[in-house]
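First comes the structure, then the notes that go with it.
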Amino acid sequence: MPFIKIDVLREDINREKKQELIRKISEVITTVLNKDPHLTHIMINEIEDDNWGYAGEQVSVLKEKGFSTAPKK
């Protein structure tokens, strides 16, 4: 029984994106590992900015300095 855990920043994901992640990851597990999707469990853990660090600082502090978690265009 596969158990998949995904950590994301809280602001980066909404209900629709969560559903898409769950669906697509289930498809990959079914295809690659030949596992029954009814036995595949996926957990999405949303992390607050204060609880996430990058380059030695909290993401909340980095954002105050102009850091962005959005993809670069």
Side-chain angles (χ1 to χ4, degrees):
M1 166 173 68
F3 186 87
I4 313 300
K5 180 181 175 189
I6 303 166
D7 292 331
V8 297
L9 286 174
R10 182 172 299 272
E11 73 177 32
D12 293 340
I13 193 163
N14 59 32
R15 186 176 187 176
E16 292 76 23
K17 286 182 180 180
K18 289 177 192 177
Q19 178 57 43
E20 184 177 1
L21 268 175
I22 290 167
R23 181 178 50 77
K24 288 185 176 183
I25 289 171
S26 293
E27 290 173 4
V28 167
I29 295 299
T30 299
T31 301
V32 174
L33 298 180
N34 197 31
K35 297 293 183 178
D36 182 347
H38 295 98
L39 299 176
T40 299
H41 299 266
I42 299 168
M43 182 177 81
I44 298 172
N45 185 32
E46 296 177 90
I47 301 172
E48 298 288 342
D49 289 350
D50 284 342
N51 299 333
W52 186 286
Y54 175 77
E57 293 199 59
Q58 286 173 295
V59 170
S60 56
V61 173
L62 290 169
K63 285 182 176 180
E64 290 170 2
K65 296 177 180 179
F67 176 81
S68 174
T69 59
K72 295 183 180 181
K73 294 180 182 180

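Model, not experiment: these values are computed from the prediction. All values below were derived from every heavy atom in this structure, side-chain atoms included, with hydrogens, water molecules and symmetry-related copies excluded.
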Quiz item: Shortest non-hydrogen contact from Tyr54 to Leu62?
Solution: O-CD1, 3.4 Å
Quiz item: When hydrophobic residues are tied together by side-chain contacts of less than 4.5 Å, even through go-betweens, does Ile29 share a cluster with Ile6?
Solution: yes
Quiz item: What closest approach, in Å, do Leu39 and His41 show between heavy atoms, and which atom pair accounts for it?
Solution: O-CD2, 3.3 Å
Exercise. Say whether Val28 and Met1 are linked into one hydrophobic cluster, either directly or through other cluster members, by side-chain heavy-atom distances under 4.5 angstrom.
Key: no
Quiz prompt | Single-linkage hydrophobic cluster Leu33~Ile22, side-chain heavy atoms < 4.5 angstrom | solution = yes
Quiz item: Do you know the tightest heavy-atom contact between Ser26 and Thr40?
Solution: OG-CG2, 4.4 Å
Exercise. Would you mind reporting whether Leu21 and Ile13 have side-chain heavy atoms less than 4.5 Å apart?
Key: yes
Practice problem: Determine, using the 4.5 Å side-chain heavy-atom cutoff (strictly less than), whether Val32 and Ile42 are members of one ILVMFWY cluster. | Solution: yes
Practice problem: Could you walk me through whether Gln58 and Glu64 pass the side chain to side chain contact (heavy atoms under 4.5 Å, CB included) test, one step at a time? | Solution: CA-CA 10 Å; Gln58 286 173 295; Glu64 290 170 2; over 6 Å; no
Practice problem: Say whether Trp52 and Val8 are linked into one hydrophobic cluster, either directly or through other cluster members, by side-chain heavy-atom distances under 4.5 angstrom. | Solution: no
Quiz item: For atom CG of Asn14, is the number of surrounding heavy atoms from other residues, nucleotides or ligands below 6.0 Å larger than 12?
Solution: yes
Quiz item: Within a reach of under 6.0 Å around NZ of Lys35, are more than 12 heavy atoms found that belong to other residues, nucleotides or ligands?
Solution: no
Quiz item: Ignoring hydrogens and geometry, is there a side-chain-to-backbone donor-acceptor pair from Thr30 to Asp36 under 3.5 Å?
Solution: no
Exercise. Mind checking the NZ-CD1 spacing from Lys17 to Ile44? Nearest 0.5 Å is all I need.
Key: 12.0 Å
